[in-house]
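I have placed the structure first, in the form of structure tokens, so that the comments after it can refer back to it.
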Amino acid sequence: MSKGNTLKTLRFGLLIGLVAAAGFALAQTVTDRLIGTWKLSLERSTFLDGEGESRDAPWLDRTWTFEVAGNALMVKAEITPTKGDPITSEYTLPIDGVRVPMEDAPEGYTLAFERVDDNTFRLVTRTSITEIVDQFEISSDGQSMTHSVVGIEQTIGRFDRQDP
């Protein structure tokens, strides 16, 4: 290999390494307040029926886990409903709002992760007929999170950070 080709190869390798490092750093900085495990506080959460009256919680337990996975975000939801078997969902999503198909869902179901600001994040689920927006707001001290579904005021979940 000639000296010119060696330099081109080294430059290309360096460029690829820088792009990969920048992608990881971007994923980390965009989501760093969200990263971690969050456990539902039933006492601080609000559960309302369709008429705005208080109702019992639909879950015995609920946990959200967010982890950096390369330049993407891994989202895991674990729910123990008051009736039925526990449910676990896990997705790896780009951090740039790109929609990706949902695994084990009918065709046309997609998910996207969006950063609204430093403390607010959204998971957008789209089908051919509807869009559901889960919103996560991190407290200023980073120790609690509020989860709601945009446009549906019936359930406001309050979560506590489980990681140090």
Side-chain angles (χ1 to χ4, degrees), residues 19-20 22-42 44-139 142 144-163:
V19 169
F24 179 77
L26 178 63
Q28 191 68 37
T29 58
V30 166
T31 59
D32 59 355
R33 296 187 49 76
L34 182 64
I35 298 303
T37 300
W38 302 87
K39 186 171 177 56
L40 179 68
S41 169
L42 285 170
R44 294 190 353 255
S45 297
T46 303
F47 304 98
L48 304 176
D49 64 17
E51 281 77 49
E53 298 293 321
S54 184
R55 68 178 174 102
D56 290 336
W59 311 291
L60 298 173
D61 192 27
R62 187 167 190 180
T63 303
W64 288 94
T65 303
F66 302 92
E67 297 176 2
V68 173
N71 62 352
L73 179 70
M74 191 280 296
V75 179
K76 183 176 182 181
E78 298 173 280
I79 301 170
T80 304
T82 54
K83 297 178 183 174
D85 295 326
I87 303 164
T88 299
S89 302
E90 192 170 321
Y91 305 97
T92 301
L93 306 168
I95 60 167
D96 56 6
V98 172
R99 286 189 270 168
V100 296
M102 289 177 65
E103 293 180 23
D104 301 324
E107 187 175 336
Y109 279 60
T110 63
L111 273 176
F113 172 77
E114 299 174 352
R115 177 180 178 265
V116 176
D117 58 38
D118 288 345
N119 297 316
T120 309
F121 307 88
R122 290 181 172 174
L123 268 179
V124 181
T125 305
R126 289 190 180 121
T127 71
S128 59
I129 59 171
T130 190
E131 177 177 276
I132 299 167
V133 180
D134 288 279
Q135 183 160 291
F136 304 91
E137 295 180 55
I138 310 300
S139 63
S144 62
M145 177 180 75
T146 300
H147 168 251
S148 60
V149 177
V150 174
I152 301 175
E153 307 302 323
Q154 296 174 354
T155 299
I156 306 294
R158 310 283 185 203
F159 291 76
D160 297 315
R161 182 180 292 280
Q162 300 302 297
D163 318 279

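- Residues Thr125 and Tyr91 are not in side-chain contact: their nearest non-hydrogen atoms beyond the backbone lie 4.5 Å or more apart.
- No side-chain heavy atom of Thr155 sits under 4.5 Å from any side-chain heavy atom of Val149.
- With hydrogens and angles ignored, the 3.5 Å screen pairs a side-chain donor or acceptor of Arg55 with a backbone N or O of Leu48.
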Go through the steps for Arg115 and Ile95 under the test side-chain contact (heavy atoms from CB on, under 4.5 Å), then give the verdict. CA-CA 8 Å; Arg115 177 180 178 265; Ile95 60 167; over 6 Å; no

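- In this structure, CG on Asp56 lies 11.0 Å from CG on Asp49, to the nearest 0.5 angstrom.
- The backbone N or O of Thr120 sits nowhere less than 3.5 Å from a side-chain atom of Arg33 that would complete a donor-acceptor pair.
- Once rounded to the nearest 0.5 Å, the distance linking CD1 of Ile132 with CG of Leu123 reads 11.5 Å.
- Here Leu40 contributes atom CG and Phe159 contributes atom CZ; the two are 4.5 Å apart, rounded to the nearest 0.5 Å.
- Here the CD atom belonging to Glu114 is positioned 10.5 Å from the CG atom belonging to Asp96, to the nearest 0.5 angstrom.
- Taking the six-membered ring for Trp and the full ring otherwise, the centers of Trp64 and Phe136 sit less than 6.0 Å from each other.
- No option in Val98, Val124, Val75 other than Val75 meets the side-chain contact (heavy atoms from CB on, under 4.5 Å) test with Leu93.
- Contact between Ala112 and Gly97 at its shortest, heavy atoms only, is CB-O, 3.5 Å.
- Put simply, the side chain of Tyr109 does not reach to within 4.5 Å of the side chain of Arg126, judged on heavy atoms.
- Formation of a donor-acceptor pair under 3.5 Å by the Arg62 side chain with backbone atoms of Pro81 is not found in this model.
- Here the side chains of Arg122 and Val150 are in contact, with some heavy-atom distance below 4.5 Å.
- Residues Glu90 and Met74 form a side-chain contact, since some pair of their non-hydrogen atoms from C-beta on lies under 4.5 Å apart.
- Among pairs with a residue in residues 73-85, none fulfils side-chain hydrogen bond (donor to acceptor under 3.5 Å, both in side chains), at least two apart in sequence or across chains.
- Within 6.0 Å of the CD atom in Glu131, the count of heavy atoms belonging to other residues, nucleotides or ligands exceeds 12.
- Taking the side chain as every heavy atom from C-beta outward, Asn119 and Glu137 never approach each other to under 4.5 Å.
- A distance of 9.0 Å separates CZ in Arg161 from OG1 in Thr37, rounded to the nearest 0.5 Å.
- When side chains are defined from C-beta on, Trp38 counts as touching Ile138, because their heavy atoms get closer than 4.5 Å.
- At a threshold of 4.5 Å between non-hydrogen side-chain atoms, the residues Asp160 and Lys39 do not count as touching.
- Separating the CG atom in Leu73 from the CZ atom in Phe113 is a distance of 5.0 Å, to the nearest 0.5 Å.
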